[in-house]
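All chains are named by letter (A, B, ...) in the order of the sequence lines, taking the proteins before the strands, and each is independently numbered beginning at 1. All values reported here derive from a predicted model rather than from experimental measurement.
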Amino acid sequence: MLDLKLLQNSFDEVAKKLRKKGVKEEILAELKRLFVVLKEQRAKLENLQAQKNEKSKLFPLYKKEGKDVASLKDELDKIKERIGFEQKIVDELEDELAIYALNIPNIPDDEVPVGNDEEDNVEIKKVLTPREFDFKPKEHWELAENLDWIDFKRGVKLAKSRFSVLKNGAAKLERALINYMLDFNTKRGFKEVCVPYIVNKESMKGTGQLPKFEEDLFKIEDEELYLIPTAEVPLTNLYRDEILKDDELPILMTGYTACFRKEAGSAGRDTRGMIRQHQFDKVELVSITKPEHSDEVFDKMVECASDLLTTLGLPHRLVMLCGGDLGFGAAKTIDLEVWLPGQGKYREISSVSNTRDFQARRAKIRYKEGKKNRLVHTLNGSSLAVGRTLIAIMENYQQKDGTITIPEVLKEYL
RNA sequence: CGGGAGAUGUCAGAGCGGUUGAAUGUGCCGGUCUUGAAAACCGGUGAGGGUAACACCUCCGGGGGUUCGAAUCCCCCUCUCCCGGCCA
């Protein structure tokens, strides 16, 4: 959630920044107006409440002195009536404000490039050079079918389209990758955490999936529960509604979970193969830091994901997302795109974001600095999407005869 | 799923329906004492909003209700613990 006070105090500046993310100025103006009106209305209400409290305190005194309380009661009834009236207005304003406020995306950092979509993202650097093939490299689904590694048809039979089944080498490789990634991250100081794959509404609200993106989530019928779209949700919400101690920070976590996404709105995209599934495995990094350390931790997380790809021998590049391509909660995002020789393209395999205090404000994650409570910064990043890593290994390590060699670092995990 | 108990500040734990936002202990911070520390003693210490700072308002799991007034009474929900059933 954006800082309403900041919006009120420096409207032009905030509006300018949010324009980068495509937010309409009318909405911001309305938000600001509501905020001011609500403040006035609250003052009115609180004034009456103060009167009520004042009068109520007279009762014991009157009784002691044996005075009649009937007129006092009358007076209070009148005040109460007015309170009820003003309260209703406050409630309505609050609801209205909440709807607006919860649907405004995060303010992008200054360094975020202007742009509308992924075309305008800015490449930061390339790591490792793609291998030269002396044959035409195949796409992963073709390799998978020949090796009997991935069963797309039966995945669909079991659930629906965009589900698949891993078999043989793919199944083993998937498991090896998860273990390798977790170990790798742990060595870099991220503590391993294993969390639920199902969370409640409050958690989804805390990280920003709700209320705006309900249609992307799988919801459990008859329950206010959802399948997580990323481990970012449970990992970040671990500390929802908590005030952390100064010396607990930073908290660096890594965890493996399955992720579930409806992929609404991506009909027709990546329908072939395993790039875009309703269920996929991901090893995630989540950090909770003091504001002054979040940039440093952000770099560390990007480096961690990039080094992971490097040790796996996978060529990739780092891309800074432009304003238009930035996710709802992110102030800044760097995507890691892995080289897929079969497609002849770099494809997203990891995304590291700093949400600054956006999620912290929603989820009320604070820490104590001296006597004051301050909002933390939260960061998240994939380290890496496991299925896509599997694909990348298949395509990059394929041999002329259709077999696949295994990256050196994974051998001890198989 | 059935039976019982409970949900209060960092934690533990009080709280006849009325100056109780909350006793007491503990933890933490500051001070006195000490070469230093411990002990002892003194002071401070919940959250959110609001304010220049006060004032003031809200919050005792969540939501309703009774009352002039509710942490305290009533109803619903959620969660936790104990007992039983079922089960990886």
Side-chain angles (χ1 to χ4, degrees), chain A residues 1-9 31-98 100-102 194-206 210-211 219-226 234 237-249 251 258 288 357-376:
Chain A
M1 197 163 75
L2 88 162
D3 186 346
L4 289 171
K5 250 190 232 170
L6 186 70
L7 179 70
Q8 193 196 17
N9 295 335
L31 197 57
K32 185 186 173 188
R33 187 191 69 82
L34 275 171
F35 188 61
V36 174
V37 173
L38 177 61
K39 205 166 149 182
E40 285 168 11
Q41 190 60 38
R42 269 210 190 108
K44 221 189 233 178
L45 173 67
E46 286 176 8
N47 204 340
L48 287 168
Q49 284 171 325
Q51 283 181 45
K52 186 189 94 171
N53 291 340
E54 200 59 39
K55 299 267 185 215
S56 286
K57 281 179 190 162
L58 294 175
F59 273 87
L61 297 177
Y62 272 43
K63 275 189 180 162
K64 215 186 245 173
E65 294 168 18
K67 281 205 223 166
D68 181 34
V69 292
S71 66
L72 197 55
K73 246 185 210 181
D74 273 0
E75 249 179 287
L76 268 182
D77 279 344
K78 272 179 205 147
I79 294 177
K80 266 177 38 177
E81 201 179 314
R82 286 172 64 198
I83 287 178
F85 180 75
E86 303 295 349
Q87 182 74 59
K88 212 167 165 189
I89 297 176
V90 168
D91 289 347
E92 279 165 13
L93 284 170
E94 271 175 355
D95 290 347
E96 207 177 330
L97 186 70
Y100 275 108
L102 288 173
C194 191
V195 290
Y197 296 0
I198 295 176
V199 299
N200 57 31
K201 224 177 190 169
E202 288 68 40
S203 297
M204 286 295 186
K205 231 187 210 171
L210 289 178
K219 189 178 180 196
I220 313 271
E221 204 179 356
D222 297 329
E223 307 253 12
E224 290 296 331
L225 295 171
Y226 301 83
N237 277 284
L238 230 33
Y239 297 98
R240 174 158 51 82
D241 280 321
E242 292 196 25
I243 299 174
L244 300 161
K245 288 205 182 91
D246 186 276
D247 58 10
E248 284 180 85
L249 298 173
I251 296 172
I288 295 177
D357 61 11
F358 185 81
Q359 291 178 331
R361 183 171 294 104
R362 289 174 157 244
K364 297 194 185 68
I365 308 174
R366 292 151 295 171
Y367 75 102
K368 206 154 278 275
E369 186 164 271
K371 286 187 108 179
K372 285 246 165 157
N373 295 323
R374 293 178 66 195
L375 293 170
V376 299

Neighbour count above 12 (heavy atom, 6.0 Å) for A/Lys368 NZ |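 More than 12 heavy atoms, drawn from other residues, nucleotides or ligands, come within 6.0 Å of this atom.
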Need the pair for [N]. Rule: Watson-Crick or G-U wobble, both distances under 3.5 Å, any strand; none if unpaired.
N	answer
B/G2	B/C83
B/A39	none
B/U24	B/A12
B/G46	B/C59
B/G18	B/C68
B/U34	none

Just checking, any donor-acceptor pair under 3.5 angstrom between side chains of A/Asp91 and A/Gln87?
-> yes
Picking from B/C57, B/G69, B/G48, the nucleotide nearest the side-chain atoms of A/Ser56 would be B/G69
Please work out if [X] contacts a base, only the sugar-phosphate, or nothing of the nucleic acid, heavy-atom cut-off 4.0 Å.
X	answer
A/Leu76	sugar-phosphate
A/Lys372	nothing
A/Lys73	base
A/Lys39	sugar-phosphate
A/Lys5	sugar-phosphate
A/Asn47	nothing

For [N], does either OP1 or OP2 sit under 4.0 Å from a side-chain N or O belonging to [X]?
X	N	result
A/Asn53	B/C56	no
A/Lys52	B/U58	no
A/Arg42	B/C56	no
A/Lys80	B/G69	yes

For [X] and [N], what is the distance between atoms [atom1] and [atom2] respectively, to the nearest whole Å?
X	N	atom1	atom2	answer
A/Asp3	B/G48	CG	P	14 Å
A/Asn200	B/C77	CG	P	19 Å
A/Leu225	B/C79	CG	C1'	13 Å
A/Leu375	B/G49	CG	P	9 Å
A/Gln51	B/C57	CD	C1'	13 Å
A/Glu94	B/G48	CD	P	17 Å
A/Glu40	B/G50	CD	P	14 Å
A/Glu242	B/G9	CD	P	13 Å

Which residue lies toward the 5' end of RNA chain B, A/Asn373 or A/Glu54, if each is placed at its nearest nucleotide?
-> A/Asn373
Contact nearer the 5' end of RNA chain B, comparing A/Phe35 with A/Gln49 = A/Phe35
Quote, to the nearest angstrom, the [atom1] distance that separates [N] from [M].
N	M	atom1	answer
B/U26	B/G48	P	26 Å
B/C59	B/U19	P	15 Å
B/U24	B/C82	P	32 Å
B/U72	B/U58	P	15 Å
B/A12	B/C83	C1'	26 Å
B/G50	B/G61	P	25 Å
B/G18	B/G69	P	14 Å
B/G13	B/U8	P	9 Å

Does a salt bridge link A/Glu75 with A/Lys55, judged by any charged N lying under 4.0 Å from a carboxylate O?
->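 Yes, charged N to carboxylate O under 4.0 Å.
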Which atom pair, heavy atoms only, marks the closest approach of A/Asn200 to A/Tyr226?
->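 A/Asn200 and A/Tyr226 have their closest heavy atoms at C-CD1, 4.4 Å.
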Does the pair A/Glu94 and A/Arg42 meet the rule for a salt bridge (Lys or Arg N to Asp or Glu O under 4.0 Å), with working shown?
-> CA-CA 10 Å; A/Glu94 271 175 355; A/Arg42 269 210 190 108; 2.7 Å; yes
Any side-chain heavy atom of A/Asp3 sitting closer than 4.5 Å to one from A/Leu375?
-> no
Can you tell if the side chain of A/Met204 reaches within under 4.5 Å of the side chain of A/Glu224, non-hydrogen atoms only?
-> no
A/Leu102 backbone acceptor or donor facing A/Arg362 side chain under 3.5 Å |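 Checked: pair present.
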